[in-house]
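Worksheet: one structure, shown below.
These values consider heavy atoms only, across backbone and side chains, with no hydrogens, waters or symmetry-generated copies.
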Protein chains: 2
Amino acid sequence: MSDDLFIKMVSTLTSLPGIGKKSAYRIGFFLLRADDATFKQFISNLTTVKERLKFCSVCGGLTEWEICDICSSSNRDSSIICVVEQPEDIFFIESTGEYKGKYHVLNGSISPLDGIGPDQLRIKSLIVRAEQDAVHEVLIATNPTIEGDVTAAYIHNILKEKKIRATRIAHGVTVGSTIEFADQYTLGKAIRSRLVL
Amino acid sequence: MSDDLFIKMVSTLTSLPGIGKKSAYRIGFFLLRADDATFKQFISNLTTVKERLKFCSVCGGLTEWEICDICSSSNRDSSIICVVEQPEDIFFIESTGEYKGKYHVLNGSISPLDGIGPDQLRIKSLIVRAEQDAVHEVLIATNPTIEGDVTAAYIHNILKEKKIRATRIAHGVTVGSTIEFADQYTLGKAIRSRLVL
């Protein structure tokens, strides 16, 4: 066995998020066993996407161009901006089919322990966009974590001063699950956010 | 969002074993966010290892050379050959520090449903190696699955005819676990393979 070389492959793969040593072994051997054409295609796919994808200069989402499809689309409602922490959150919200407005990516959340304050996030550009006449609502979809909640409260305060309507996605019991399996914080939030039927 | 390009990256990543859609999204965004130097290093590490690693012409394990370190080492016991299904199994056995002999990789196990018979495996070359005077034991370490057991029995029968000693690694209750969590088949095997104290 040529330990050093393979260990190099394993440590390269464990640098990826969510990949532990056992997964890295499995993926490493899969790549070693793949025929050369398949391996080259794999590498070229990753490289092409990496080279071509950029971040939209308006919303911060992924795009091949200067401005992304959603920002430049006339079919999307420009009166509402959905604020998310990461570009990938746009994919998850789009997959619901429930949202037809525009987006704004913060690139993180306020986290003093990690040295991330409001100035490190794309908050100023959000406020500039929200102050445009056409915008009637900012839907804050940061994560239901302490950092996400602090970020939501921070943005809400600024928007309140500027008299711009802010909303936040609901947090509650997972659809299809049971109350028994909801943790106490989620269940508490679901009770406080109860809706009149 | 530039869906098509990113979806291409996601589907490239889900082609890896054990990587589902959610993991592929997470890894994909990690690679997109990585700076160019880190990304290039990642790709070059994988490519270098893929180009340089080959399979040992004797045991079938991984090596940079014609014959691997273990096969060419004079510090390893040539009187015992450990038979494994896959090259990666050598890593796992080496990590125990309990084995000082040589190896032989079958490249799979007998599985008629998948069209894999003894001729598709490296069994003939194993028998040739085992018939050398110096070999006193063949330790069969195929997986404790139906296919692994059938393969072990097949090899055992050939070795018995040739009067070569065959052994098999023990199967039983996981060390550090409790009897309660062992499945009935493992527990049954552990009872049948009980040792005199």
Would you say [X] and [Y] are hydrophobically clustered, going by side-chain heavy atoms of ILVMFWY under 4.5 Å?
| X | Y | result |
| --- | --- | --- |
| A:Ile140 | A:Ile116 | yes |
| A:Ile123 | A:Ile81 | yes |
| A:Ile70 | A:Val135 | no |
| B:Leu126 | B:Ile67 | no |
| A:Phe92 | A:Val83 | no |

[X] side chain near [Y] side chain, heavy-atom distance below 4.5 Å:
| X | Y | result |
| --- | --- | --- |
| B:Thr12 | A:Val49 | no |
| A:Leu5 | B:Glu64 | yes |
| B:Leu13 | A:Leu46 | yes |
| A:Leu16 | B:Leu31 | yes |
| B:Lys8 | A:Arg52 | no |

| request: Would you mind telling me which of B:Arg33, B:Gln41, B:Lys40, B:Gln86 has the largest number of heavy-atom pairs within less than 4.5 Å of chain A? | output: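 Result: the option with the highest number of such pairs is B:Arg33.
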
| said: Heavy-atom pairs under 4.5 Å with chain A - which of B:Phe30, B:Phe39, B:Tyr25 has more of them than the others? | reply: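 With the most close heavy-atom pairs to chain A, the winner is B:Phe39.
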
Please classify the contact of [X] with chain A as side chain, backbone, both or neither, using a heavy-atom distance under 4.5 Å.
| X | result |
| --- | --- |
| B:Phe42 | both |
| B:Ser15 | both |
| B:Thr47 | both |
| B:Tyr103 | neither |
| B:Ser23 | neither |

| message | I'd like to know which of A:Gly18, A:Ser11, A:Ala34 tops the heavy-atom pair count under 4.5 Å against chain B. | response |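 Ranked by heavy-atom pairs under 4.5 Å with chain B, first place is A:Ala34.
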
| message | Within this structure, what is the CG-CG distance for the pair A:Leu62 and B:Leu32, rounded to the nearest 0.5 Å? | response |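 Interatomic distance, A:Leu62 CG to B:Leu32 CG, rounded to 0.5 Å: 5.5 Å.
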
| For the side chain of B:Lys50 and the backbone of A:Asp36, is there at least one donor-acceptor N/O pair under 3.5 Å apart? |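 Between the backbone of A:Asp36 and the side chain of B:Lys50 there is no qualifying donor-acceptor contact (under 3.5 Å).
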
| message | Under a 4.0 Å threshold between the charged nitrogen and the carboxylate oxygen, would A:Glu88 count as salt-bridged to B:Lys22? | response |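 Salt bridge flag = no for A:Glu88 with B:Lys22.
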
| Between B:Phe6 and A:Phe91, what is the ring plane arrangement, given parallel below 30°, perpendicular above 60°, and tilted in between? |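 Rings of B:Phe6 and A:Phe91: tilted, 30 to 60°.
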
